[in-house]
Amino acid sequence: MSETFMSAVLSGDALWIDADDWVARWHDGDGSDIELHDFLGMTWDDYRLWTERPQALRMIIAAHERDEPVERYVAEAGELAIAARGVTANDWAVVLKWLKRTGRIPQD
């Protein structure tokens, strides 16, 4: 498979804000022989989180950078580490609360 959105972002060849362009490329046939989440370089859970909570995208990228599941990254990184990634405290709190509510990470 050719380069994915996630690998392009991690190598510096794309920005997180380019995600919709990659989705459009897939719809235009660039990678339509594979699932969209694979074309983007996301796990199914990453993709599902992104489509349900778009503000989680930078957290998903950071988790890929650390080679760990996004649920663990969000739960363990803490507000300051998330803020260093350019994510607002509110976005982090919303995603964390949603991950807990949906059972993707344990409740406190």
Side-chain angles (χ1 to χ4, degrees):
M1 179 171 61
S2 61
E3 184 176 47
T4 65
F5 165 71
M6 197 60 61
S7 64
V9 169
L10 294 177
S11 69
D13 293 329
L15 301 173
W16 68 271
I17 58 175
D18 297 332
D20 290 338
D21 294 337
W22 281 74
V23 171
R25 284 178 43 194
W26 182 83
H27 282 290
D28 289 343
D30 277 4
S32 58
D33 57 326
I34 61 173
E35 298 285 330
L36 177 55
H37 73 277
D38 289 328
F39 182 73
L40 296 172
M42 295 182 185
T43 66
W44 174 247
D45 287 337
D46 294 340
Y47 177 75
R48 191 172 72 169
L49 172 58
W50 176 52
T51 58
E52 295 172 4
R53 291 290 176 196
Q55 67 266 51
L57 181 58
R58 285 184 280 178
M59 292 174 250
I60 294 167
I61 292 168
H64 275 256
E65 193 173 49
R66 296 176 66 135
D67 197 27
E68 66 182 352
V70 68
E71 296 85 0
R72 182 182 311 146
Y73 176 74
V74 171
E76 295 176 359
E79 187 175 337
L80 292 178
I82 295 292
R85 303 287 310 168
V87 177
T88 69
N90 185 58
D91 283 347
W92 172 75
V94 166
V95 171
L96 180 62
K97 182 179 178 181
W98 184 82
L99 287 169
K100 288 179 179 182
R101 187 173 35 101
T102 59
R104 293 183 183 153
I105 59 176
Q107 297 281 343
D108 294 332

message: Suppose the criterion is ring-ring contact (aromatic ring centres under 6.0 Å, His included): which pairs have a residue in residues 40-67, not counting sequence neighbours?
response: His37-Trp44, Trp44-Tyr47
In one Ile/Leu/Val/Met/Phe/Trp/Tyr side-chain cluster, 4.5 Å: Leu96, Val94: no
field: Closest non-hydrogen atom pair, Trp22 against Phe5
entry: CZ3-N, 3.2 Å
- prompt: Is the shortest heavy-atom distance from the side chain of Met6 to the side chain of Leu40 under 4.5 Å?
  reply: no
Non-hydrogen atoms of Ile105 and Glu71 that approach each other most closely: CG2-CB, 3.3 Å
- line: dist Thr4:OG1 -> Trp26:CH2 (nearest 0.5 Å) comes out at 15.0 Å
query: CZ/Arg72 to CG/Leu99 distance, rounded to the nearest 0.5 angstrom?
result: 13.5 Å
task: Go through the structure and list residues passing salt bridge (Lys or Arg N to Asp or Glu O under 4.0 Å) with Glu52, not counting sequence neighbours.
output: Arg104
message: Rounded to the nearest 0.5 Å, what separates atom CG in Asp46 from atom OG1 in Thr51?
response: 10.5 Å
query: Where do Trp92 and Val74 come nearest, in terms of heavy atoms and distance?
result: NE1-O, 3.2 Å
message: For Leu49 versus Ala56, what's the shortest heavy-atom pair and its separation?
response: CG-CB, 3.8 Å
query: In Å and rounded to the nearest 0.5 Å, what is the CG to CZ distance from Asp91 to Arg53?
result: 10.0 Å
Anything under 3.5 Å between a donor and an acceptor, one on a side chain of residues 12-19, the other on a protein residue two or more places apart or in another chain? List them.
unit_1 : atom_1 : unit_2 : atom_2 : d
Asp13  : OD2    : Ser11  : OG     : 3.0
Asp18  : OD2    : Leu15  : N      : 2.8

task: For residues Arg25 and Asp28, determine if any side-chain heavy atom of one lies less than 4.5 Å from a side-chain heavy atom of the other.
output: no
